[in-house]
K.L.:
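One structure, pasted below without further comment.
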Number of protein chains: 2
Amino acid sequence: MSDNSEKRPSTRKPARRAASDLSADIANEIRDSIIDGRLIVDARLPSEAELAAQFAVSRPTVREALKRLAAQSLIRTQRGASGGAFVNRLSYEQAYPQQVTTATLLLSMNGISFATACEARFALERACALLACSNRTDQQLDALKFEIERQKDTFLSDETFCQSDVSFHRTFVDCACNPVLSYQLAGAIEAMQPLMNMITYTRRSRAVIVDLHSAILDALADRKATSCENVLDELHSYTLSLASPKS
Amino acid sequence: MSDNSEKRPSTRKPARRAASDLSADIANEIRDSIIDGRLIVDARLPSEAELAAQFAVSRPTVREALKRLAAQSLIRTQRGASGGAFVNRLSYEQAYPQQVTTATLLLSMNGISFATACEARFALERACALLACSNRTDQQLDALKFEIERQKDTFLSDETFCQSDVSFHRTFVDCACNPVLSYQLAGAIEAMQPLMNMITYTRRSRAVIVDLHSAILDALADRKATSCENVLDELHSYTLSLASPKS
DNA sequence: CAGACGTTAAATGTCTGACAAATAAAAATC
DNA sequence: GATTTTTATTTGTCAGACATTTAACGTCTG
């Protein structure tokens, strides 16, 4: 929204623009360099001492800036002679935890209702149905089948059942064979699972869940996207009914 | 094959990196306290000196940990007598930029193809169609109409047109009236827009876009979810055809 | 000449101590 | 009693130092 016209560092001076957070400024500057390609993957940043001289600050300040970037997995550091800070290749594995943390806190801190979270979660999962039906592999079907079989085991602990539930839905999302989609959805599903577990833990009927999961598997096997979406809607309704059975 | 100087021995395990990163350990510990509720929103953390004593490290180390948390908007700091570090109420506005940054870098650093990104983007947007049709307000329709009118102006610069395009789609997502969905989708749309602009900038026909946008508006007005999804599919196909014109 | 081995230098990780700046509460003044 | 001043607390920043890690260099030996 704000006009980002900070492309002229030559005329830049230690102005009075509320610059009481040097480490944040430095971190932002380096981050922008990474985003717009001036610093490419695996490029080595100047040493902390050099950065300190370059930005005319002390080394602790530079270090705080680097730690900010490290917290976002934008850089990695290595000790030793040819060590230093390197631009990190951001991988899905590294981005997942942050995504989950952020989503979890957003839900818990902003009073998101169970219904709203649930609605979002199933809408997103529904978005995968079409692609999953066209792109799913037989291996993925086997994986889904395996989880369903696990869930049929009545001796399974509640915790393990929930874990298997998450695995099932993540595998379902993976059926779309689109890593971007998997990334986005994994964050959403993982973040909402604790919330959903807390509410539906005791009330859920495993038989109903297993039946619906089986129906999803069948729809995927037959590549029937519409029927797949319908089952997801049923699962959505059932989950909602667990949360508010007040009558 | 060129000899790669950055070989990665597969036997190398990332297990021994926990030994020397005190600031990361401290940051993780505090983060977990926030997540599981031991530290609630607006709670004040101990002062840096107290934290240093508590964790038996020096103040700079504590500060690096706090900067890591600040980079994720988990805490805010305030100077002065009754200042300190406070648990931040994570808002969507604060989470957006990080979400966009992460998504942008994930796309650009992992060689995500245009088709894959496009597929994910439209699948996600499609997920909103059903909810948008039931929940949209007349105000939102007006906002969409306003953007379409802007896009009809032939004197609009390419940049402004793209900007309006983003606004249109974000407003569309907002029609679902689900903040969680808006958050997830905004990240995806914002992150993919630069990629899509780069490819479709010159080739796109504004008339086609405007027509499709109008069709979306009509579908929303009539609350016809299926027709809305179909138009989105058309837009998807058209965008894809721009990237690989078989003519 | 080649390989093993010790040395060295560079870089990050950490600590100590200090001062500056901001800020709210307490104290002093009118 | 209201306003002003002082004070204490806390973060922001700096300087210097030492420890630790690690790659590169040089030396010694077979």
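Note that these values count all heavy atoms, side chains included, but never hydrogens, waters or copies made by symmetry. Convention: sequence-line order gives letters A, B, ...; per-chain numbering from 1.
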K.L.:
Over all strands shown, is A:Ala24 touching base, sugar-phosphate only, or nothing at heavy-atom distances under 4.0 angstrom?
P.N.:
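Here A:Ala24 touches no strand at all.
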K.L.:
Check the distance between C:dT12's P and A:Glu50's CD and give it to me in whole angstrom.
P.N.:
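These atoms are roughly 8 Å apart.
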K.L.:
Quick check on DNA chain D: between A:Ser82 and B:Lys67, whose nearest nucleotide comes earlier from the 5' end?
P.N.:
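Residue closer to the 5' terminus by nearest nucleotide: B:Lys67.
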K.L.:
Mind calculating the distance between CZ (A:Arg68) and C1' (D:dG12) to the nearest angstrom?
P.N.:
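Computing the A:Arg68:CZ to D:dG12:C1' distance gives 12 Å.
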K.L.:
Taking only residues two or more places apart in sequence or in another chain, which ones pass side-chain contact (heavy atoms from CB on, under 4.5 Å) with B:Thr116?
P.N.:
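B:Thr116: side-chain contact (heavy atoms from CB on, under 4.5 Å) contacts with A:Asn178, A:Pro179, A:Val180, B:Ile112, B:Ser113.
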K.L.:
Between D:dT11 atom C1' and B:Leu45 atom CG, what is the distance in whole Å?
P.N.:
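Whole-Å distance recorded here is 13 Å.
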K.L.:
Between B:Phe122 and B:His236, what is the ring plane arrangement, given parallel below 30°, perpendicular above 60°, and tilted in between?
P.N.:
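Aromatic pair B:Phe122/B:His236 classed parallel.
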K.L.:
Once you round it to whole Å, what is the distance between C1' of D:dG12 and CD1 of A:Ile26?
P.N.:
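Taking atom C1' of D:dG12 as the reference, CD1 of A:Ile26 is at 12 Å.
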K.L.:
Working to the nearest 0.5 Å, report the span between CD of A:Gln72 and CG of A:Asn88.
P.N.:
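Going from CD on A:Gln72 over to CG on A:Asn88, the span is 12.0 Å.
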K.L.:
Between atom CD in A:Glu48 and atom P in D:dT13, what is the gap in whole Å?
P.N.:
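After rounding, the gap between these two atoms is 16 Å.
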K.L.:
When you measure from the side chain of B:Asp165 to the backbone N and O of B:Phe161, does any donor-acceptor pair fall under 3.5 Å?
P.N.:
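Side chain of B:Asp165 to backbone of B:Phe161: no pair is present.
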K.L.:
Using a heavy-atom distance cut-off of less than 4.0 Å, which residues of residues 71-80 of chain B contact DNA chain C?
P.N.:
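Going residue by residue through residues 71-80 of chain B, the ones with a heavy atom under 4.0 Å of DNA chain C turn out to be B:Arg79, B:Gly80.
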K.L.:
List, with names and distances, any nitrogen or oxygen atoms from the protein found under 3.5 Å away from nitrogen or oxygen atoms belonging to nucleotides 16-18 of chain D.
P.N.:
| unit_1 | atom_1 | unit_2 | atom_2 | d |
| --- | --- | --- | --- | --- |
| D:dA17 | N6 | A:Arg59 | NH2 | 3.3 |

K.L.:
Does the distance from a Lys or Arg side-chain N to an Asp or Glu carboxylate O, for A:Glu147 and A:Arg150, drop under 4.0 Å?
P.N.:
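Counted as a salt bridge, because a side-chain N and a carboxylate O are separated by less than 4.0 Å.
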K.L.:
Measuring from B:Leu74:CG to B:Ser33:OG, what's the distance to the nearest 0.5 Å?
P.N.:
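The CG atom of B:Leu74 sits 11.0 Å away from the OG atom of B:Ser33.
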K.L.:
Using a cut-off of strictly less than 4.0 Å, decide whether A:Ser58 has a side-chain nitrogen or oxygen near OP1 or OP2 of D:dC14.
P.N.:
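Affirmative; the distance criterion is met.
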K.L.:
What residues form a side-chain hydrogen bond (donor to acceptor under 3.5 Å, both in side chains) with A:Gln151, not counting sequence neighbours?
P.N.:
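If we apply the side-chain hydrogen bond (donor to acceptor under 3.5 Å, both in side chains) test to A:Gln151, skipping adjacent residues, the hits are A:Ser164, A:His213.
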K.L.:
Hey, does the side chain of B:Thr61 come within less than 4.0 Å of C:dC15's phosphate (OP1/OP2), counting only N and O?
P.N.:
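So the side chain of B:Thr61 is within the cut-off, an N or O lying under 4.0 Å from OP1 or OP2 of C:dC15.
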K.L.:
In whole Å, I'd like the distance from the CD atom of A:Glu64 to the P atom of C:dT12.
P.N.:
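Rounded to whole Å, this separation is 16 Å.
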K.L.:
Nearest whole angstrom, please: distance from the P of D:dT21 to the CG of B:Asp21.
P.N.:
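Distance, rounded to whole Å: 13 Å.
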K.L.:
Whole angstroms only, please: what is the CZ-C1' distance between B:Arg63 and C:dG17?
P.N.:
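One finds 15 Å between C1' of C:dG17 and CZ of B:Arg63, rounded.
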K.L.:
Tell me every residue that passes side-chain contact (heavy atoms from CB on, under 4.5 Å) with A:Asp138, counting only those two or more places apart in sequence or in another chain.
P.N.:
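Expected list: A:Arg136, A:Leu141.
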K.L.:
Taking only residues two or more places apart in sequence, or in another chain, which ones meet B:Ala52 in a side-chain contact (heavy atoms from CB on, under 4.5 Å)?
P.N.:
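side-chain contact (heavy atoms from CB on, under 4.5 Å) list for B:Ala52, sorted by chain: B:Val62.
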